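Only a predicted model underlies this, so the values are computations on that prediction, with no experimental measurement involved.
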Amino acid sequence: MTNFQATQPVASEMLVKMVQKKRLAHAYLFEGKNSHDIEQASIWLLQALFCDQPKDELPCEECNSCKRVRAFQHPDVLVVAPDGRQIKVDQIRQIITSLSTSSMEGGYKALLIRQAETMNSSAANSLLKYLEEPDGKKLLLLQTEMNARILPTIQSRVQTLHFLPVSAKRMVELLTESGIAFSLAKDLSFLSETLEEAKNLAEQEQFLNLREAVKKFKSLCDNKQDKAFVYVGQNLQKQVNGKEFSDEEKRNNQEKVLKLLTALYEEELKEKPSAATAIEAINEAKARMTSNVPFQSAFEALSIRLLYGK
Ligand SMILES: [Zn+2]
C-alpha cells in the first residue's frame, strides 16, 4: 500500500482487514475530497482481486496482473467516467451488460465508476436496479468527492469508506510532481479544496492573470510604491470585475483575491510580524465589501492602509 497508507490510516487499515479476511462487500463507495488517494486505494483494491502472487493475502503490486490493473489494461476491470458532464443511462446499461458476462480470466469482474455523483437520475436508477440484485464474483467501486450528491438509496446499498482531505503540504507535492511550478502550486493549495480543483485552476488563463495581478499589487504595497493605489483601478479591478465575467464569477474572483492575499501575508507572519497588520487591513476590506462597498473602493482604501499604515 505504497501510496495512501500514511495519509489514510483508517481507510487503509479497513481495506487491509477486508482483503486479508476475504470479506469483501459487493459494492463500495470511496468518498472524500482527495481524488488522488481515492484513485490509489481503488487500484490497490482492484489489484487485490486479481494479483497472481499475493503476499499475506495482499496484492504484490508487481506481478503482471497487478501491473495491468494499474495501467487499466486488465480485461476484467471495466471503467465508467462522465461523458461530458454526466454519466448517462446508456453508459450504465451497457457496462452492466458487460459486467454480467463471465470474467475473461475466470475470477472476479470489477466495475469502477469515476465521479459517481455525475450519474444523472436515470443512470443512478439503472445502477440501483443492479445493486438490488448483485451477483457472484463481481465488485462495484464508486468514487466521489461529493458524497452528498449520491442518491441515499445507492448509499444504503454500498459500503462507504471515507478518505481524509488532501493536506495543503501534500497538495503542493502532488502538484509539483505533475509539473506545476512550486510557487504556483503553493498558491493553488491556498485556494483549492481538492487536487482536481487546483489542477483546473492551473489551466485557466483568467486565474493565472488574476494571480499575477494580486502578486503585483502586494509587491507594490510591500515596496511602498504609491502606484499601488492606481494599480487597483487600472489593473486589479479588470481582472476581478471585467465585463466578461458573470456576477457569480466576479464574486468568486473577489473571494480568490482576498483568500490569496491573506494567505501570502500569513506565510510571512513568522519572519515579519508586521504582516499581522496587513491581514487585519485585508479583513477590514473584506468586511466593507460584505456591506456592499465596491471592490475597487475597498481595495484602494486597502492600498493606502498597506502603504502608509492608516
Ligand atoms: Zn500482484
Side-chain angles (χ1 to χ4, degrees), residues 33 85 145 166 168 171-172 174-176 178-269 272 274-310:
K33 293 198 178 299
R85 290 182 164 199
E145 289 192 353
V166 63
M171 192 186 286
V172 173
L174 293 167
L175 290 170
T176 46
S178 75
I180 291 174
F182 178 74
S183 120
L184 176 56
K186 229 168 49 184
D187 292 352
L188 290 167
S189 76
F190 298 141
L191 297 169
S192 318
E193 251 187 289
T194 70
L195 198 62
E196 293 300 306
E197 201 184 332
K199 285 184 176 168
N200 283 339
L201 271 183
E203 284 170 10
Q204 289 172 21
E205 206 184 320
Q206 281 171 343
F207 166 72
L208 298 175
N209 292 338
L210 183 70
R211 169 180 178 257
E212 277 313 307
V214 171
K215 296 215 146 183
K216 177 79 181 166
F217 172 73
K218 179 174 182 294
S219 122
L220 289 171
C221 292
D222 288 348
N223 293 309
K224 306 293 174 201
Q225 295 189 24
D226 296 347
K227 273 186 283 182
F229 183 89
V230 285
Y231 187 78
V232 173
Q234 285 176 353
N235 195 313
L236 196 53
Q237 162 74 4
K238 284 179 202 147
Q239 303 296 344
V240 172
N241 288 328
K243 275 179 273 173
E244 69 273 33
F245 297 119
S246 68
D247 286 348
E248 197 192 336
E249 285 170 330
K250 287 177 190 170
R251 271 194 303 277
N252 283 337
N253 288 341
Q254 292 178 12
E255 204 178 296
K256 284 198 182 80
V257 170
L258 289 164
K259 245 189 183 172
L260 181 56
L261 203 54
T262 307
L264 292 171
Y265 279 109
E266 277 172 354
E267 276 230 294
E268 292 176 358
L269 265 178
K272 245 170 77 181
S274 65
T277 323
I279 294 169
E280 225 171 82
I282 297 166
N283 282 334
E284 277 169 31
K286 187 178 176 182
R288 282 200 201 104
M289 284 158 62
T290 311
S291 40
N292 290 326
V293 173
F295 171 82
Q296 185 171 342
S297 319
F299 263 66
E300 282 169 350
L302 174 62
S303 74
I304 291 173
R305 280 283 309 271
L306 294 175
L307 287 168
Y308 312 113
K310 55 186 166 193

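In this structure, OG on Ser274 lies 9.0 Å from CG on Leu269, to the nearest 0.5 angstrom. Between the CD atom of Glu145 and the CG atom of Leu195 there is a distance of 8.0 Å, given to the nearest 0.5 Å. Between atom CG of residue Asn283 and atom CG of residue Leu258 there is a gap of 8.5 Å, rounded to the nearest 0.5 Å. For the atom pair CG (Leu260) and CD (Glu255), the distance works out to 12.5 Å, reported to the nearest 0.5 Å. Here the CD1 atom belonging to Ile282 is positioned 8.5 Å from the CD atom belonging to Glu266, to the nearest 0.5 angstrom. Atom CG in Leu174 sits 12.5 Å away from atom CG in Leu188 (nearest 0.5 Å).
Listed by first then second residue, pairs satisfying ring pair (Phe, Tyr, Trp, His ring centres under 6.0 Å) with a partner in residues 224-247 number zero, not counting sequence neighbours. Residue pairs that meet the salt bridge (Lys or Arg N to Asp or Glu O under 4.0 Å) test with at least one member in residues 226-252, sequence neighbours left out, do not exist here. Under the ring pair (Phe, Tyr, Trp, His ring centres under 6.0 Å) criterion, no residue pair touches residues 182-212, with sequence neighbours excluded. Among residues at least two apart or in separate chains, side-chain hydrogen bond (donor to acceptor under 3.5 Å, both in side chains) pairs with a member in residues 195-209 are Ser35-Glu196. Applying the salt bridge (Lys or Arg N to Asp or Glu O under 4.0 Å) test to every pair with at least one member in residues 207-217, sequence neighbours left out, gives these pairs: Asp187-Arg211, Asp187-Lys215.
Every residue two or more places apart in sequence or in another chain that forms a side-chain contact (heavy atoms from CB on, under 4.5 Å) with Ala278 is listed here: Tyr265, Leu306. Residues that satisfy the side-chain contact (heavy atoms from CB on, under 4.5 Å) test with Leu307, not counting sequence neighbours, are Ala228. Here Lys259 pairs with nothing under the salt bridge (Lys or Arg N to Asp or Glu O under 4.0 Å) rule; sequence neighbours left out. Looking at residues two or more places apart in sequence or on another chain, you find a ring pair (Phe, Tyr, Trp, His ring centres under 6.0 Å) between Phe295 and Phe299. Residues that satisfy the side-chain contact (heavy atoms from CB on, under 4.5 Å) test with Thr277, not counting sequence neighbours, are Arg305. With sequence neighbours left out, Ser219 forms a side-chain contact (heavy atoms from CB on, under 4.5 Å) with Asn223. Taking the salt bridge (Lys or Arg N to Asp or Glu O under 4.0 Å) definition, one finds that Glu268 meets it with Lys218, Lys272, sequence neighbours left out.
Smallest separation of non-hydrogen atoms from Leu236 and Val214: CD1-N, 4.1 Å. Considering every non-hydrogen atom in both Ser189 and Lys186, the closest pair reads OG-O, 2.6 Å. The heavy-atom pair separating Asn235 from Ala213 by the smallest distance is OD1-CB, 3.9 Å. Taking each heavy atom of Ser192 and Leu201 in turn, the nearest pair found is OG-CD1, 3.8 Å. Looking at every heavy atom in both residues, Ala298 comes nearest to Val293 through N-CG1, 3.9 Å. Nearest heavy atom pair, residue Ala198 against residue Met171, reads CB-SD, 4.0 Å.
In this model, no donor atom of one side chain and acceptor atom of the other lie less than 3.5 Å apart for Gln296 and Asn241.
Between Val232 and Leu302 there is no side-chain heavy-atom pair separated by less than 4.5 Å. At a threshold of 4.5 Å between non-hydrogen side-chain atoms, the residues Leu210 and Lys256 count as touching.
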